[in-house]
Visitor: 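I am attaching a structure below and will ask some questions about it afterwards.
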Amino acid sequence: MHELAHVVATAAAGPAASGRPLPRWLDEGIARVVAGEHGTADLAVLARARVADRFLPLAALEKGFPPDRGAAALAYAEAGRAVSIVAGVRDGAVRDVLARVNAGDDVDAALVAVTGRAAWQLDKDVQQSVSRFAALAVVGVETDLAMAGCGVVLVVAGVRARRRLKERLAEMDPPPLAPL
């Protein structure tokens, strides 16, 4: 389904796009959305990027994706999220962007005409689509921060309980001394 979506997106962009292919982020994002490949795995990747504040600008993903596995995963996740945002504007928004490209618009002009958002604004939308709280929650679950937090609470509780026990023992009368 993914590869078929590439063929359909290229055909929908038409001969006007033949001299200037679709940006890689748009092509891959359409393929991921159509194939249903964006989901919880992408959310985890986007959450880590949000916490680290390390998103890739869509402009950097126009001609290709990074060769590094982690950066490529982020590029695919961002592409899928960007196309999901465009698709969420209204029914047929992605189709309309491709139709405008087919009519001769460049992708940025088509995005502005259909969504009111340029690619650089779509970058911001992708970043803000994962709230800081949600990102911290996802990363926290991934890295077992919740378990570490519970461990810290147990250690603190144990130290306090031991201190109280020592204080109570110190308040008790000392045992009588045995005669010599």
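Computed from a prediction, not measured in an experiment: that's the story for all the values here. Below, each value reflects all heavy atoms present in this structure, side chains not excepted, and no hydrogens, waters or symmetry copies.
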Visitor: Can you tell me how far apart CG (Asp96) and CZ (Arg100) are? Round to the nearest 0.5 Å.
Guide: 8.5 Å

Visitor: With clusters defined by side-chain heavy atoms of hydrophobic residues (ILVMFWY) lying less than 4.5 Å apart, directly or transitively, does Val33 cluster with Met1?
Guide: yes

Visitor: Does NZ or CZ of Arg50 come closer than 6.0 Å to the centre of the six-membered ring of Phe55, within 45° of the ring's axis?
Guide: no

Visitor: Calculate, to the nearest 0.5 Å, the distance between atoms CG and CG belonging to Asn102 and Leu98 respectively.
Guide: 8.5 Å

Visitor: Using a 3.5 Å distance criterion without hydrogens, assess whether the side chain of Glu78 forms a donor-acceptor pair with backbone atoms of Ala75.
Guide: no

Visitor: Could you grab the distance from atom CZ of Arg81 to atom CZ of Arg32, nearest 0.5 Å is fine?
Guide: 11.0 Å

Visitor: For a side-chain contact (heavy atoms from CB on, under 4.5 Å) check, start with the C-alpha distance between Arg160 and Arg164, then their side-chain angles and the critical distance, and finish with the verdict.
Guide: CA-CA 6 Å; Arg160 285 185 177 178; Arg164 274 187 256 127; 3.7 Å; yes

Visitor: Applying side-chain contact (heavy atoms from CB on, under 4.5 Å) to Arg163 and Lys166, what does each step give before you reach the verdict?
Guide: CA-CA 5 Å; Arg163 185 178 303 140; Lys166 282 185 177 182; 5.8 Å; no

Visitor: Calculate, to the nearest 0.5 Å, the distance between atoms CD1 and OG belonging to Ile85 and Ser129 respectively.
Guide: 4.5 Å

Visitor: Using a cut-off of 6.0 Å, state whether more than 12 heavy atoms not belonging to Arg132 lie near its atom CZ.
Guide: yes

Visitor: Report the distance from atom CG of Asp123 to atom CD of Gln128, rounding to the nearest 0.5 Å.
Guide: 11.0 Å

Visitor: Has Arg24 got a side-chain atom pairing as donor or acceptor with Lys63's backbone, closer than 3.5 angstrom?
Guide: no

Visitor: Could you grab the distance from atom CZ of Arg117 to atom CG of Leu111, nearest 0.5 Å is fine?
Guide: 11.0 Å

